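What you see below is based on every heavy atom in this structure, not just the backbone, and it leaves out hydrogens, waters and symmetry mates. We name chains A, B, ... by the order of the sequence lines, and we start the count at 1 in each one. Just so it is clear, the structure is predicted and the values come from calculations on it, not from any experiment.
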There are 2 protein chains.
Amino acid sequence: MDKRQQLVACAFELFYCHGIHAVGINQVLQEAGVAKKTLYHHFSSKDALIEAVVAYRHQEFKNWLISRIQASGEGLLAVQGVFAALDDWFHERDPMMRPFHGCFFIHASGEYANPEHPVHQRCADHKQSIKQLFADILDQVGATPEQVRQGADTLALLKEGAIVQAHVCGELDAGRQAGQLAMTYLKQLGVQSE
Amino acid sequence: MDKRQQLVACAFELFYCHGIHAVGINQVLQEAGVAKKTLYHHFSSKDALIEAVVAYRHQEFKNWLISRIQASGEGLLAVQGVFAALDDWFHERDPMMRPFHGCFFIHASGEYANPEHPVHQRCADHKQSIKQLFADILDQVGATPEQVRQGADTLALLKEGAIVQAHVCGELDAGRQAGQLAMTYLKQLGVQSE
DNA sequence: CCCAAAGGAGACAGATCGGTCTACCTTGCT
DNA sequence: AGCAAGGTAGACCGATCTGTCTCCTTTGGG
């Protein structure tokens with residue numbers, strides 16, 4: 001078994017549930033069943049572990065969303081697929097993404113509020129990367145560059161809003177709500193659905 | 001000068017910039033220029049201070065938004081006023097709300113991800129309270145109860161999305177974007193302007 | 001005038017933090 | 001067989017954390 005991967009996955013679980021600063025190294029070690037020396041063999045410091053955790057979650061989340069998009073059909077069905085995926089995430093219906101405690105990157109950006117901090121920047125990179133997925137979808141259905149730009153911005157905004165509403169207020173149906181808003185918006189923007 | 005208020009205001013600044021768990025009591029004391037005994041005279045523990053900080057920011061933010069709403073005119077102009085206020089907040093143009101580092105309650109909910117934690121619940125209460133302001137606006141322009149419910153939910157979602165986009169990704173124009181989405185949505189919902 | 005309340009400065013305790021270290025064990029390659 | 005790499009268990013270090021404590025000063029009402 002890969003101890004490094006084990007450490008990262010376990011650290012993510014704890015950071016995600018309790019926050020990054022609230023979780024100590026020893027807690028991670030105990031939960032992962034790994035010796036301290038092993039951790040410091042793979043990572044130079046706690047900060048290095050944190051960066052690895054952010055990168056790990058980025059890949060995990062992005063891959064999950066891509067697979068959900070690909071499973072949802074052609075054209076604007078992909079957009080509906082995105083928000084259906086959010087809906088499953090919030091309701092913890094997708095075993096790949098359990099449990100739901102909000103967006104790890106929003107939380108991390110809160111703990112590293114300075115935009116110049118490396119962790120904050122990685123979080124921004126993640127959001128940008130997800131927004132690019134939205135742009136790709138819109139591009140693929142023949143939207144103009146301007147429609148792609150505005151549409152991706154809007155879908156991203158709706159997604160973030162839904163995540164916050166679901167986590168902070170417990171409004172688990174925010175995913176469906178955002179999905180309806182998204183479809184209405186795209187129709188009004190003039191993007192052709194198939 | 002009221003030492004208690006001074007402590008709370010100063011703790012908020014630090015918590016808002018660096019996160020709650022990352023800021024120690026001694027840091028708050030030094031910044032506020034207050035002795036440790038004074039802090040523990042007013043608060044039984046750090047947790048009690050945190051709760052006071054959350055309550056303080058709730059009042060501050062709510063009062064600010066109400067004043068901005070009242071200054072923006074009648075009817076749906078109030079909705080435009082809300083998103084203009086967000087726009088000013090993000091761009092740090094309103095001296096009352098400087099600096100901008102995202103939403104304190106979203107950050108706090110991230111550090112206390114368990115929805116049953118008192119801090120998390122206070123954050124949910126805050127969001128609910130702000131949503132009620134939206135509902136009041138819609139009610140005042142003669143929207144039906146169903147329109148009020150859906151409309152307030154949607155405005156809240158757009159607001160949260162804009163805050164996250166502005167803070168995490170640095171998209172400071174997300175407030176204006178969300179405002180345009182809001183006006184389009186309300187028109188499409190059938191809420192009469194004026 | 002007097003005394004209690006509020007505050008200042010800071011030592012102190014006990015716990016926990018991140019990080020280093022020693023000593024020993026397993027594994028796989030040559 | 002032998003040896004290096006990666007791992008375990010946990011003592012240990014200095015720093016920092018929350019919270020308590022003592023001693024002293026200021027202040028304001030009766």
Side-chain angles (χ1 to χ4, degrees), chain A residues 1-57 104 107-108 110-114 117-120 122, chain B residues 1-57 104 107-108 110-114 117-120 122:
Chain A
M1 63 186 97
D2 186 351
K3 295 288 175 184
R4 185 194 151 98
Q5 193 68 9
Q6 201 171 331
L7 277 167
V8 171
C10 201
F12 166 73
E13 303 284 347
L14 290 169
F15 291 166
Y16 185 46
C17 280
H18 307 105
I20 296 174
H21 286 112
V23 173
I25 288 288
N26 295 313
Q27 226 173 317
V28 175
L29 296 175
Q30 189 172 1
E31 199 73 15
V34 163
K36 193 176 277 195
K37 186 169 186 181
T38 305
L39 188 154
Y40 284 100
H41 173 74
H42 289 292
F43 304 99
S44 62
S45 66
K46 187 188 181 183
D47 283 342
L49 173 64
I50 292 168
E51 291 209 25
V53 167
V54 172
Y56 160 80
R57 179 61 168 181
F104 177 66
H107 299 175
E111 295 204 55
Y112 299 93
N114 182 349
H117 192 285
V119 170
H120 191 114
R122 298 287 180 93
Chain B
M1 62 184 96
D2 186 351
K3 295 288 176 185
R4 185 196 150 96
Q5 193 68 9
Q6 199 171 331
L7 277 167
V8 170
C10 201
F12 166 71
E13 301 285 347
L14 290 170
F15 291 167
Y16 186 44
C17 280
H18 307 105
I20 296 174
H21 285 112
V23 173
I25 288 288
N26 295 313
Q27 225 173 318
V28 175
L29 296 175
Q30 188 173 0
E31 198 74 14
V34 163
K36 193 176 279 194
K37 185 168 186 180
T38 306
L39 189 153
Y40 282 100
H41 173 73
H42 289 293
F43 304 99
S44 63
S45 66
K46 187 188 181 183
D47 282 343
L49 174 63
I50 292 168
E51 291 209 26
V53 167
V54 172
Y56 160 80
R57 178 61 168 181
F104 178 66
H107 298 175
E111 296 204 56
Y112 299 93
N114 182 350
H117 192 286
V119 170
H120 191 113
R122 299 285 179 94

Consider the side chain of [X], meaning its heavy atoms from C-beta on, and name the nucleotide among [options] that approaches it most closely.
| X | options | result |
| --- | --- | --- |
| B:Ile25 | C:dG7, D:dT18, C:dG19 | D:dT18 |
| A:Val34 | D:dT8, D:dT18, C:dC17 | D:dT8 |
| B:Ala35 | D:dA11, D:dT18, C:dA9 | C:dA9 |
| A:Thr38 | D:dT8, D:dT18, C:dG19 | D:dT8 |
| B:Lys46 | C:dG7, C:dG19, D:dT18 | D:dT18 |
| B:Lys36 | C:dG18, D:dG7, C:dA11 | C:dA11 |
| A:Lys37 | C:dG18, D:dC23, C:dC21 | C:dC21 |
| B:Ser45 | D:dG7, C:dG19, D:dG19 | D:dG19 |

Roughly, in whole Å, what's the span from [atom1] in [X] to [atom2] in [N]?
| X | N | atom1 | atom2 | result |
| --- | --- | --- | --- | --- |
| B:Leu39 | C:dG10 | CG | P | 17 Å |
| A:His41 | C:dT22 | NE2 | C1' | 17 Å |
| B:Leu7 | C:dG8 | CG | C1' | 13 Å |
| B:Arg4 | C:dG7 | CZ | P | 11 Å |
| B:Lys3 | D:dT27 | NZ | P | 11 Å |
| A:Tyr40 | D:dA9 | OH | C1' | 16 Å |
| B:Gln6 | C:dG8 | CD | C1' | 13 Å |
| B:Asn26 | C:dT16 | CG | P | 18 Å |

B:Gly19 backbone acceptor or donor facing B:Glu111 side chain under 3.5 Å: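 No, B:Glu111 side chain to B:Gly19 backbone: no donor-acceptor pair under 3.5 Å.
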B:Glu31 side chain to B:Leu14 backbone, donor-acceptor under 3.5 Å: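 Such a contact is absent between B:Glu31 side chain and B:Leu14 backbone.
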Sugar-phosphate, base or nothing in reach of A:Val23, heavy atoms under 4.0 Å: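 Sugar-phosphate contact only.
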Touch class at under 4.0 angstrom, heavy-atom based, for A:His42 against every strand present: sugar-phosphate
Any side-chain heavy-atom pair of A:Arg57 and A:Tyr16 under 4.5 Å: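 Yes. Closest side-chain heavy atoms under 4.5 Å.
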Whether B:Tyr112 and B:His21 hold their rings parallel, tilted or perpendicular, with breakpoints at 30° and 60°: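 Taking B:His21 first and then B:Tyr112, their aromatic rings sit tilted (interplane angle of 30° to 60°).
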Nearest heavy-atom neighbours spanning B:Val23 and B:Lys46: O-NZ, 2.9 Å
